[in-house]
Amino acid sequence: MSRPSSGRSRFARPCRFLPATVLVLAAGTPAWLGAQAAGSSLAREIDRRAALLETKAVAWRRDIHQNPELSNREVRTSRLVVDHLRALGIEVRSGVAKTGVVGVLRGGRPGPVVALRADMDALPVAEEVDVPFRSKVRSTYNGQEVGVMHACGHDAHVAILMSVAELLAGMRAQLPGTVKFIFQPAEEGPPPGEEGGAALMIKEGVLENPKVDAVFGLHVFPYEVGSIHYRPGPIMASSDRFEIIVRGRQTHGALPWNGVDPVVVASQIVLGLQTITSRQVDLIESPAVVSVGRMNAGVRYNIVPDSTVLEGTIRTFNEAMRASIHQRIKRTAESIAASAGATAEARIFPYVPVTMNDPALTERMAPTLRRVAGDKVAIAKQTTTAEDFSLYEQKVPGLFFFLGIAPKGSDPSKVAPNHSPRFFVDEGALVPGIRAIANLAVDFLQAGPLVRAQ
Ligand SMILES: [Zn+2]
Ligand SMILES: [Zn+2]
């Protein structure tokens, strides 16, 4: 894991002849830049308050962990958040995108608007972690009875953002701008047939009124506990589903020449699709994955069926490559089918775009993350998993990063990953998470909105 190069030279080049402070003033560098690197009085106040909030953050996290709720069903979690924000005197809108909550904290001084986002939903996973606050909740998902667990750590995200809300509400008079708290449902995807998640939050105006200038979010991940991993540009993949229906002509398995075998054609298509990523797109420019996860055909060993259905997922880190792969999947499926006298109908269901951290915003905020995490900060590896945070980042500049939660003393490469029934959050990460989000918010407000070159 490579450490980012020091940003120092970008902000205050050391000079042999002048004291650094004189140089900064002479160069006309805004006061917030020096404060960002060194830690202003506001930053020290944030860190002091964050440490005091640890007990509450742990209690909220355990309470939410023990009472997980599936996507678009986050009723109890939503109520917990609403009650908390109201008690802090924060303006609250509830019932946004079904169970979502938006809080607006107006600071005592004028300034820009920063949004902070936490997702609230759990997964249909039966918990296998032996802790006193283990989830025993059961529910139905896709018509099946399932266990429910915060196996992606969204319980920690909610506890961190509730803590940040309390922290910043206590410093309201000193805040130079407005903080919008976004507690989002259904990040894991709404149930079939329902809308939800970031897409619906945006549709219902979460980025407007007041208009958001930048958005920050984090995800817990099995890195060293308390470490921060960020990356400018693409950090998580786009994710799209595809379905291909291959239609041939039914025949007896002993007499294949009397029909058109869609099982053989579909098998050729599975292999053909792999040549898109291995032979047709520039993997030096950006990685990409096409995987077929489902292949359904036939009912009996000696009857060639009429049709075969393939279903799979597409992951990319580049929107142009994403569009190109969509086209190539259709072309590959249709052409291979035609070569055998069959037909193929390929449909792509776009889900979420690339999680694309704004390079200028990331560069600006990197000193804050380095100050918060010290030597526990690194450039993140790209991951082919996806996040609907990407939809906010399509609308406003955003920065999404990973917070390490691997149990202290463990080998992070060997611990259970997100979505596992053994996924475990080391609560030692909560205070670093609170400090990271609160400091990003305040440093952004102090610096003002990004000015874009026209
Ligand atoms: Zn997840
Ligand atoms: Zn997640």
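First listed ligand is number 1; within each ligand, the first listed atom is number 1. The first residue of the sequence shown is numbered 1, and numbering continues consecutively from there.
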TODO: Would you mind checking if Glu427 and Arg62 are paired as a salt bridge, meaning a charged N to carboxylate O distance below 4.0 Å?
DONE: yes
TODO: Considering just N/O/S atoms, say which atom of His419 is closest to the Zn ion (ligand 1).
DONE: NE2
Task: Ring-ring centroid check His219 Phe402, cutoff 6.0 Å - done: no
Open item on the list: Could you tell me if the side chain of Ser390 sits less than 4.5 Å from the side chain of Met356, heavy atoms only?
Closed with: no
TODO: Describe, in one word, how the ring planes of Tyr223 and Phe221 are oriented to each other, choosing from parallel (under 30°), tilted (30 to 60°) and perpendicular (over 60°).
DONE: tilted
TODO: Spell out the protein N/O/S atoms under 2.8 Å from the Zn ion (ligand 2) as residue plus atom name.
DONE: Cys152 SG, His154 NE2, His219 NE2
TODO: Please tell me if the side chains of Met120 and Thr99 come closer than 4.5 Å, counting only heavy atoms from C-beta onward.
DONE: yes
Task: Ion pair check, Asp213 and Lys180, cut-off under 4.0 Å - done: no
